[in-house]
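A short write-up of the structure that comes next.
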Amino acid sequence: MSTSDQSFRRVPPNVDFPALEERILGLWDELDAFQTSVAMRPEESEYTFYDGPPFVTGSPHYGNLLAGVIKDIVPRYWTMRGHRVERRFGWDTHGLPIEMEVQKILGLSGPREINEFGIDRFNEACREHVQTNTESWETITRRIGRWVDFENDYKTMDLDFMESVWWVFRRLWDKGLIYRDFKVLPYSWGASTPLSNFEANLDYREVDDPAITVRLRVLQTNGPAREGDYLTIWTTTPWTLPANLAVAVGEDIGYSAIEVDGERHWVADNLAGTIWPDGIVARRANGRELIGTQYEPPFSYFEEERDHGAFRVISSPEVTTDEGTGLVHMAPAYGEADFYALADAGVTVMLDPVDAEARFTDQVPDVAGMYVKDADAKLIELLKRRGTLLHRDQIRHAYPFCYRTGTPLIYKAIPTWFVRVEQFKDRMVALNGQIHWVPEFVGTRRFGNWLENARDWAISRNRYWGSCIPVWECDGCSEQVCIGSIDELAGRSGVHLDDLHKHIVDVVAFPCSECSGTMERVPEVLDVWFESGSMPYAQNHYPFENEEAFARRFPADFIAEGLDQTRGWFYTLLVLATGLFDDIPFQNCVVNGLILAEDGRKMSKSLKNYPDPMEILATHGADALRAYLINSPLLRAEPLRFTEGGVREVTRAVMLPLWNAYSFLTTYAEADGISTEDLNLAPPPGERAEIDRWILSVLQSLISEVNEQMEGYYLYAVIPPMVAFIDDLTNWYIRRSRRRFWRTRSNDDTDKIAAFATLYEVLVTFSKVIAPVLPFVTEELYQRLVVDHRPAGTEGPLSVHHTDYPEPRPELISAELENAMNWVRQVVNLGRSLRVTHGLKVRRPLPSLTVLSRNAEITEAVASHGWLITEELNVKEVLVGQDERELVDLEIKANFKRLGPRLGTSVQMVAAALGQLDEESVQTLVDGGDIVVAGHEIGSDDVIVQRVPRAGLVVAAEGPLSVAIDTTTTPDLEIEGTARELINRIQQIRRQSGLDVADRITVIWSSDSARIAAAIEVHAAVIAAEVLATSVTREDQLIGTDIEIDGDPVTMAVNRAGSSAEQA
RNA sequence: GGGCCCAUAGCUCAGCCUGGUUAGAGCGCAUCCCUGAUAAGGAUGAGGCCCCUGGUUCAAGUCCAGGUGGGCCCA
């Protein structure tokens, strides 16, 4: 026996996975395992991954964990495939979320107070705050086993990053893809900034607003509209009336002039009754005829705009007659539809008498200085006094509020910088076709549709903490210059900056080249999405540095984010890559769905409807959580209801069986003193027992399957085959090979060593296969099975994650063997079913089992694996035959798949006739002959034969095979059954006494039953061998454990025979 | 209002692309087996208007259209 320190040591079957994982994390630190895994692969093999930056202010949630797991599995896989995969963590450090946090900390209510406080002090406070919230990310990212570089991370506020963002902007500018225009946006006066539509949707509340109907006097007769008529309009925002510039009608909507008290009021036909139920229709016209009609605006503050085309009836496709009057008040500064309708009508003037904090300017003297909503009442009062107010009402409706400051939003035209996405959206659509999306529908449909309808992209924000729009504008002649680098700015201004934040950049000015004015930077900063979209260039400080590395790293091989990034990061990456290089930014994109709480609702911190991620990790471990998330609808971009039970189930179905197999190997290897040196003496796989060759073949097939799925990024398809393999390994290979591992040493150990070697090789290889998914437990197996046994002085990978990913070895694959084993397992399943349904305990031996099939592959498979079946089902003999007619009735059914296309409509008739066939015709078909049914020639391939077990027999049938068990019993078999019962009871006593599996025992028994005495005497040797007894003796009046076997009492005394060392 | 996705057993989900007459798995439940993987393991069983309506077809859980309900994104 080998006594070297290469011998295996027993690993207990019970295991604390979370504690194990903590130890592995320590090991990885010791080995510097992550950095080594990157550095050990050649630079030229680089596989590129881009990490989408999360907001630095957010704390990690399950969605981030899920994306993190995907971003870990794929790079680990490609690393093992031989590629260098650098993984830099990124941080989105700019933008409104962090500004709002800092505002809160500093006690500043909004932009006015920020300006008073000083933008420089405010921005520096933001910069400082960015540092504070990275710890929770590092902790949980490390704990879930994600290897990513936090040291060499990138931040959007880094000088290099920001300079590259300028370059990106400048390049688009040079291509004529940047412009400034007004855009009507949801505007938060609380934050003094426009919001995105997304942000505007975050906080809708039910509020009461005034709803007023106002009449506007027609000034000149125009077609059906006569001078002195009135146009009736309706609005829920009276404060926008001073900025009215037009009234819109729908061209094909019908309107009526309703006569009331001698005055005519124009209103949509179907709404007239709601205002004047008894009014007389004096005239009808459609909207088209009213266009151009001049009217007197509700207020006269801006009468001079009439010369620029204002105060006329225009048309708009947006006009409906769902509510109001069918004539719509147009204030282009405060409504997007208004803005476009006026533009279409050729009216380019814009009135916006409201300041940044939603107060009226002096242009509207009656309400100057008032907050717009507060001014509603005063304005309504003025309308009433002038006799233009027809009706006043209240309306309750959903209205958006600022999700940060809680103030009502208003819609307001804001000067905004745009990227001309519409100009190159066709290219984006074409380029998108080159990207491999998983799942596919996200790319082709969701994202593809979005691209086809792309609008110009608004990229500016009226805030403080962000990258600056690098445009300088002359205060004299409005000349604009775009600056693309620090050096270029220094060249113009003589100032060389080492920080590009607003408070630093804004003070840099230089003389205008066209006039005597001064060039000053425009005030806006860039939307953070522009920065994250610039990440491929900016994280490398391209093109100022790393040109070569950038060329290698663009486009990325792989990115992965949530479905919500369709319009987010995926989009901005593609817009910028297309605009800059006419290229795709990434080649493969894995999109995951949203994780919901168990109740099907969104996970909500305030509702506490989900378990804390760190607690899940502490209870179940990262491996289980990773596998649970990956093997879920999430990887098909569908939502998942997260349940702790699901995580527990993965532990049960995947982790524990794997661990038990490992424990099994080490337990019996230790008991037998097996070492890795012994395993080296094992025969080559081709010369091992068939079941060894079978599991090795299945393993190779698994490797092939997993590689194929991983290469296609179909992560959802990798866990099921792995689970199936674990089932094959534990519930068939080990179960059926157990005895081979227990055999004590003898002169010919070849078969036992082959079994140990096979199980060892399978566990080591399988660990590599699932290492990307379950990085912890596989590392433990690799350390204990490989690294610990490496002879001193030999070298090799120190971590499973440094090994090469297994490649299938075709010479080990045997499809015939795998098929044969499937048939054998099906026979066993039918046999088990028969034993259960007929109440035949497996302990009771039965004379024979018969397998009948006309399929030679099946009969051969069964015949050559009889030993597996006899052992598993405890039958003495396995018989094989072809003629099943004595056991089953044959039923013929139409094979619709074949007959349907051939016979068309007649198939139903033929199917019916097939059900009525006489025995002879059935036999002809079963024997492979042809018959004529209902005028059609039918061959054996055109039918499906079903086998129905005959009543009264112990027979089961499935598909092409039938199984029968002979239940005849004999005295010999009965005695053997009793012996099995005794073995069973003695084993139970062993267990209850706490004996080790390798302990030898003595057995003393006492019984008055002749049957039991016979069983023990006849089978003493078998019993002794099974229970590891050195002696089995009878003794009357014994005091021990009283048991009963089939009604007969027995007393047993079981004691340890001595030290287990004797066994050798 | 628009785009996309989803709806199958009590629960979580496969199957649908490529239509075929007995619709699967796991959990849970019930009954049982095994006991040298043992704080495990295994078998058997019950449990399904495959969301609804219409269409295409010899044939629809599967394809098409329209609904209903839910989700994501965008208005």
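Every heavy atom of this structure was used, including side-chain atoms; hydrogens, water molecules and symmetry mates were not. Below, chains carry the letters A, B, ... as their sequence lines are ordered, and counting in each starts from 1.
The side chain of A:Arg445 approaches B:C5 more closely than any other nucleotide in the set B:U35, B:A43, B:C5. Nearest to the side chain of A:Lys897, among B:G36, B:C6, B:G20, sits B:G20. Closest to the A:Pro901 side chain, of the nucleotides B:G20, B:G36, B:C6, is B:G20. Relative to the side chain of A:Glu638, the nucleotides B:A14, B:G36, B:G42 differ in distance, and B:A14 lies closest. Distances were taken from every side-chain heavy atom of A:Arg636 (C-beta onward) to each of B:G71, B:C33, B:A14; the shortest belongs to B:A14.
The aromatic ring of A:Phe896 stacks onto the base of B:U21, its centre lying under 5.5 Å from the centre of the six-membered base ring with the two planes under 30° apart.
Between the CZ atom of A:Arg825 and the C1' atom of B:A43 there is a distance of 13 Å, rounded to whole Å. Note: CZ (A:Phe756) to P (B:A37) measures 13 Å, nearest angstrom.
Taking 4.0 angstrom as the limit, A:Arg735 places none of its side-chain polar atoms (N or O) nearer than this to OP1 or OP2 of B:C34. Within the structure, every side-chain polar atom (N or O) of A:Asn660 is placed at least 4.0 Å from both OP1 and OP2 of B:A40. OP1 or OP2 of B:C33 has not a single side-chain nitrogen or oxygen of A:Arg835 nearer than 4.0 Å. Residue A:Gln988 has no polar side-chain atom (N or O) positioned under 4.0 Å from OP1 or OP2 of B:U35. Contact annotation: A:Arg738 does not reach the phosphate of B:G36 (side-chain N/O to OP1 or OP2, under 4.0 Å). OP1 or OP2 of B:C34 sits under 4.0 Å from a side-chain N or O of A:Arg843. Phosphate contact (OP1/OP2 of B:A39, side-chain N/O of A:Asn14, threshold under 4.0 Å): absent.
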Nucleotides 22-30 of chain B: which of its N/O atoms have a protein N/O under 3.5 Å away?
unit_1 : atom_1 : unit_2   : atom_2 : d
B:U22  : OP1    : A:Lys893 : NZ     : 3.4
B:U22  : OP2    : A:Lys893 : NZ     : 3.2
B:U22  : O4     : A:Gln946 : NE2    : 3.1
B:G26  : O2'    : A:Glu649 : OE2    : 2.8
B:C27  : OP1    : A:Arg652 : NH2    : 2.7

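Helical stems of RNA chain B (runs of at least 3 Watson-Crick or G-U pairs, donor-acceptor distances under 3.5 Å) are listed by first residue: B:1-7 with B:68-74, B:10-13 with B:24-27, B:29-33 with B:41-45, B:51-55 with B:63-67.
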